[in-house]
Amino acid sequence: MTTPPPRYDGHRDDPDDWITIPEEEVRGPVLAPPPPDAAGARCPGCAALVPSGTSRCPRCLAPIGDGSGDGGEGTAPAGSPVVLHFDTLALRLPVRPGEPLRLGRDPDWAPLSAGALKDLSTVSRRHASVTVGPDGTVWIAEEADGTLNGTWVNDGHLLPGERHRLRHGDRVRLGLRVGCTVRITGDGPC
């Protein structure tokens, strides 16, 4: 990323005045995940603290299983291989093998993401899906009907209905303002 040096007249119109800033200075420090808490369970979708006995996260509506935090149906499996980190939303969504993670504002179609994305008009109601194949590869596809503001991977625009392979560290953007980083762990081909 580049930024121009300050000028006395306040104009920034000469491209030769731009300087390069190292990427690590632009992104800032990587934050550690929140610590576990005895007062409740951590939501597998957004990492919010959910009171014991609650079946759905009040923030993102992700299922919490039996609500005890003991690894029920709604909790992310240990060592979940793929997680989408939405930096501006403080949201983390695991992608489970065999289950598409749908991204959009429609709560019936995208129950894990709709709660966090509901007020973001640049994200379509049915925007995109992320899947993990049987061989461990990770794929994203914009919905076949397309989206108003598009889906982007590392600044490359996706065409509606076409799959694109994701790799560790890829940046996914839903529309112009909502972005996430793909984090892949484990020994698979991802």
Side-chain angles (χ1 to χ4, degrees), residues 33-34 36-37 40-134 136-153 158 160-161 163-164 166 170-185 190:
D37 194 312
R42 289 282 173 191
C43 171
C46 67
L49 182 61
V50 179
S52 296
T54 305
S55 62
R56 289 203 173 265
C57 173
R59 181 175 178 194
C60 72
L61 301 178
I64 307 298
D66 61 5
S68 67
D70 296 336
E73 174 188 336
T75 59
S80 180
V82 183
V83 179
L84 302 183
H85 289 258
F86 289 82
D87 17 299
T88 58
L89 300 175
L91 175 67
R92 292 183 178 134
L93 294 175
V95 184
R96 296 177 181 92
E99 298 178 33
L101 172 64
R102 294 182 175 144
L103 304 171
R105 294 182 295 121
D106 183 343
D108 294 327
W109 186 79
L112 293 179
S113 64
L117 302 174
K118 68 181 177 189
D119 296 326
L120 302 169
S121 60
T122 61
V123 177
S124 295
R125 291 183 52 74
R126 296 181 178 199
H127 204 103
S129 296
V130 179
T131 57
V132 178
T137 56
V138 183
W139 301 89
I140 186 169
E142 182 176 293
E143 285 308 295
D145 293 337
T147 65
L148 184 60
N149 293 307
T151 305
W152 306 78
V153 176
L158 298 185
R163 292 186 338 153
H164 178 84
L166 295 175
D170 280 352
R171 292 283 303 155
V172 174
R173 223 176 51 217
L174 308 175
L176 302 173
R177 296 191 176 109
V178 178
C180 67
T181 302
V182 179
R183 298 287 181 224
I184 300 173
T185 60
C190 303

Can you give me the closest heavy-atom contact between [X] and [Y], atom names plus distance?
X    : Y    : answer
A116 : L120 : O-CD1, 4.0 Å
E142 : P160 : OE2-CG, 3.4 Å
L101 : P94  : CD2-O, 4.0 Å

Got a second to check how far [X]'s [atom1] is from [Y]'s [atom2], nearest 0.5 Å?
X    : Y    : atom1 : atom2 : value
L166 : R171 : CG    : CZ    : 12.0 Å
R105 : S113 : CZ    : OG    : 11.0 Å
N149 : S121 : CG    : OG    : 7.5 Å
I140 : D170 : CD1   : CG    : 9.5 Å
T131 : E99  : OG1   : CD    : 12.0 Å
L89  : L84  : CG    : CG    : 11.5 Å

Is there a side-chain contact between [X] and [Y], using heavy atoms and a 4.5 Å cut-off?
X    : Y    : value
T181 : D87  : yes
T151 : H127 : yes
S129 : W109 : yes

Results of salt bridge (charged side-chain N to carboxylate O under 4.0 Å, His left out) for D106 - residues two or more places apart only: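 Scan of D106 (salt bridge (charged side-chain N to carboxylate O under 4.0 Å, His left out), adjacent residues dropped) gives R125, R126.
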CA sep, side-chain torsions, deciding dist, call: V123, L103, side chain to side chain contact (heavy atoms under 4.5 Å, CB included): CA-CA 9 Å; V123 177; L103 304 171; over 6 Å; no
Residue list, side chain to side chain contact (heavy atoms under 4.5 Å, CB included) with L176, at least two apart or on another chain: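 If we apply the side chain to side chain contact (heavy atoms under 4.5 Å, CB included) test to L176, skipping adjacent residues, there are no hits.
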Steps toward side chain to side chain contact (heavy atoms under 4.5 Å, CB included) verdict (V95, V182): CA-CA 10 Å; V95 184; V182 179; over 6 Å; no
Trace of the side chain to side chain contact (heavy atoms under 4.5 Å, CB included) decision for V178 with T88: CA-CA 7 Å; V178 178; T88 58; 5.6 Å; no
